Amino acid sequence: MAYDEVLAERVRERLGAADLDAAEKKMFGSMCFLDRGNTVAGVDGDDLFVRVDPDDLSDALAQPGARPFESRGRTAGGWVYVAGEVLDDEVLDEWLRAAWDATAGLPPK
């Protein structure tokens, strides 16, 4: 499935405004956004996926439109899918801020 170009552009704009060593990479049909080589977020179909602090995972999953990140029948800890229809600008900003915070403590790759 192709990724939503409009949502990818919205994420791209926010990365451009943030103080990150940002890069983009197409992986598995998704557009992924990286900071220092670590994936921060991505666009898969019409949805956003984001890295979250594992300690905040339960709270993240309780947010509207959030669901566990599943791939090939397995749930990936520290990741959440967010339905595209809930991603107005304010909500998108909140998710990306949380993802950048969760990624900030990781060593560069």
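Below, each value reflects all heavy atoms present in this structure, side chains not excepted, and no hydrogens, waters or symmetry copies. Please read all numbers here as calculations on a predicted model, not as lab measurements.
- Counting heavy atoms from C-beta outward, P68 and L61 have side chains that approach closer than 4.5 Å.
- When every heavy atom of F33 is checked against every heavy atom of G42, the shortest pair comes out as CD1-CA, 4.2 Å.
- The hydrophobic cluster containing L106 does not contain L57, counting ILVMFWY residues as joined when their side-chain heavy atoms lie under 4.5 angstrom apart, directly or transitively.
- Residues A66 and A60 share a closest heavy-atom pair of CB-O, 3.3 Å.
- Among D89, L87, D93, the single residue meeting the side-chain contact (heavy atoms from CB on, under 4.5 Å) criterion with V91 is L87.
- Note on ring orientation: taking the six-membered ring where Trp is involved, the planes of F69 and W79 are tilted (angle from 30° to 60°).
- Proximity of D44 to F49: side-chain heavy atoms (C-beta onward) are separated by under 4.5 Å at one or more points.
- Shortest non-hydrogen contact noted between M27 and C32 is CE-SG, 3.3 Å.
- Cluster annotation: V82 is connected to L92 through the hydrophobic network of ILVMFWY side chains, with a link wherever side-chain heavy atoms come within less than 4.5 Å.
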Quick one: do V52 and W95 satisfy side chain to side chain contact (heavy atoms under 4.5 Å, CB included)? Show the steps, please. CA-CA 9 Å; V52 295; W95 278 110; 4.2 Å; yes
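- Salt-bridge annotation for R97 and E94: absent, with no side-chain N of the basic residue lying under 4.0 Å from a carboxylate O of the acidic one.
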Start with the C-alpha distance between D101 and D53, add both sets of side-chain angles, then the distance that settles side chain to side chain contact (heavy atoms under 4.5 Å, CB included), and finish with yes or no. CA-CA 8 Å; D101 290 346; D53 185 314; over 6 Å; no
Output, in order, the C-alpha distance, side-chain angles, deciding distance and verdict of side chain to side chain contact (heavy atoms under 4.5 Å, CB included) for M31 and R12. CA-CA 10 Å; M31 176 59 75; R12 191 175 292 117; 4.3 Å; yes
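- In this structure, R67 and V80 have side chains that are not in contact, with every pair of non-hydrogen atoms separated by 4.5 Å or more.
- For the pair R10 (side chain) and E5 (backbone), a donor-acceptor distance under 3.5 Å is absent.
- Under the 4.5 Å side-chain heavy-atom criterion for Ile, Leu, Val, Met, Phe, Trp and Tyr, W100 and L34 are members of distinct hydrophobic clusters.
- Side chain of D47 to main chain of G84: a donor-acceptor pair is present (N/O by atom type, distance under 3.5 Å, no hydrogens or angles).
- In this structure, K109 does not pair ionically with D35, as no charged nitrogen and carboxylate oxygen lie closer than 4.0 Å.
- For the residue pair A41 and L96, the shortest heavy atom distance occurs at CB-CD2, 3.9 Å.
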Quick one: do L48 and Y81 satisfy side chain to side chain contact (heavy atoms under 4.5 Å, CB included)? Show the steps, please. CA-CA 6 Å; L48 178 74; Y81 266 113; over 6 Å; no
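- The neighbour count for E90 CD, taken as heavy atoms of other residues, nucleotides or ligands under 6.0 Å away, does not exceed 12.
- Rounding to the nearest 0.5 Å places OG1 of T103 at 4.5 Å from CZ of R51.
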